[in-house]
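Just follow the structure's listing: the first ligand is 1, and inside any ligand the first atom is 1.
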Amino acid sequence: MWAQAIEDALTVVSQNIERFEDQFPLTSSQGDRIYRLTPNNDWTEGFWSGLLWLSYEYTNDSRYRNAAMNTVASFRERLENRVNLDHHDIGFLYSLSTKAHWIVEKDEQSRAITLRAADVLLERWREVPGILQAWGPKDDPQNGGRIIVDCLMNLPLLHWAYEQTGDERYQQAAAKQTAISRRFLVRGDDSTYHTFYFDLSTGDSIRGGTHQGSRDGSTWTRGQAWGIYGFALAYRYMRQPDLLNTAKRLARYFVDRLPEDGVVYWDFDVPQVPDTKRDSSAAAIAAAGMLEIAELLPEGDADRDWLISAAERMVAALAESYSTKGEQDAQGLLNRGSYAVRLDISPDDYVIWGDYFYLEALMRLERGVPGYWYERQRGQSGE
Ligand code: GLY
Ligand code: GLY
């Protein structure tokens, strides 16, 4: 079943190479089933690159590699010209493009570009309050002291740079950001805030809040999913048991609140009724993250079974009822992703990160191959 779902996905990715040419898919809008394209200037372009690398590794077909290499060239240019890199999503952008190229082919030039990208990310470190600033320029009155849970997925770029160079600045920033996220973004019941504010002059914590969730105290499902996967990856690099426990607890919270069909709505605190929007991308991210946690647990660990079966249930539901299989001219792999429902931005649409994590989860299930967040272990190869 996973192999068939991968074949269905590859059919779409392959058609998209011609459709997108040198541009990058972001989201569809108003259910029009047409990807809005960007010239590599948003936070999302790495996902298309990552989809192409996953597709190339699975098939060995040079069409995917050629398209992936075009994206790598575009990412090199983006870094040289510093095109809209004033945000923390440099981790998403460069992990799945130039770092993926390094992981797949050990290309030295891509390794060097990725290290430069890590340096740009590190420029967002603010000594007071001791955070990696998520959005906006330094000292920005609204965003200057703000962290967001999504950032956990950007930290593997810093960990990787530490591994490659031995320069402890990368690791220290990633470790401190992880610790402050765990302390302030994770709430007592294992739910998460999307964002948290700190005072830029004193470093004091101020309050939790949301940007894409339903309200400040609610739990945005995609934020919870970023937390699941992000803390698992933090554990992979730092091996502190508390981090793995946090990832597991966040996963438990997610699984305990799954709707009947296994695919979450956009926020855990909105009414679970038919008209409420889903976020298929949150399901895909959480599934990939739970498979990562399971991978990190020893054989026989009591939590492995429920993590794997929940991930399988979610991916099967996506493949069966949310994927675009059989739809003529579909451009996305998954229907019913939501970017920001409350803000009315692509609330029931294709979202490119959902497509990426869906294929990543399928590759994990079918071949045990992770994405491009860390160096491959022995025996993990896409072929
Ligand atoms: N990281 C941005 C989002 O999840 O929408
Ligand atoms: N992920 C950034 C935004 O939605 O504004």
Below 4.0 Å from ligand 1: does a non-hydrogen atom of Trp135 turn up there or not?
no
cation_pi(Arg342, Trp220) dist<6.0 Å, angle<=45
no
Taking the six-membered ring of Phe231 as reference, does the NZ or CZ atom of Arg182 fall below 6.0 Å from its centre and within a 45° cone about the axis?
no
Taking only residues two or more places apart in sequence, or in another chain, which ones meet Glu108 in a side-chain hydrogen bond (donor to acceptor under 3.5 Å, both in side chains)?
none
Polar contacts were defined as any N/O atom of the residue lying under 3.5 Å from an N/O atom of the ligand; does this apply to Trp353 and ligand 1?
no
Looking only at distances, please establish whether an N/O atom of ligand 1 is found under 3.5 Å from an N/O atom of Trp43.
no
Need the ligand 1 atom indices (1-based, order shown) with element for anything under 4.0 Å from a heavy-atom of [X].
{"X": "Tyr339", "answer": "5 (O)"}
{"X": "Trp220", "answer": "3 (C), 4 (O), 5 (O)"}
{"X": "Gln212", "answer": "3 (C), 5 (O)"}

Would you tabulate the side-chain donor-acceptor contacts of residues 350-357 under 3.5 Å, counting partners in other chains and residues two or more places apart, or write 'none'?
from   : atom 1 : to     : atom 2 : distance (Å)
Tyr350 : OH     : Gln331 : N      : 3.4
Trp353 : NE1    : Ser281 : OG     : 3.1
Asp355 : OD1    : Leu333 : N      : 3.2
Asp355 : OD1    : Leu334 : N      : 3.1
Asp355 : OD2    : Tyr35  : OH     : 2.8
Asp355 : OD2    : Leu333 : N      : 3.0
Tyr356 : OH     : Glu360 : OE1    : 2.9

For atom 4 (O) of ligand 1, tell me which residue out of Met153, His88, Arg222 has the closest non-hydrogen atom.
Arg222
I'd like the name of whichever of Val351, Val149, Asp150 reaches closest to atom 2 (C) of ligand 1 through any heavy atom.
Asp150
Determine whether the aromatic ring centres of Phe184 and Phe198 lie less than 6.0 Å apart.
yes
Checking Tyr253 against Phe268 for the ring pair (Phe, Tyr, Trp, His ring centres under 6.0 Å) test, could you report, in this order, the C-alpha distance in whole Å, the side-chain angles of both residues, the deciding distance, and whether it holds?
CA-CA 10 Å; Tyr253 186 96; Phe268 283 117; 5.7 Å; yes
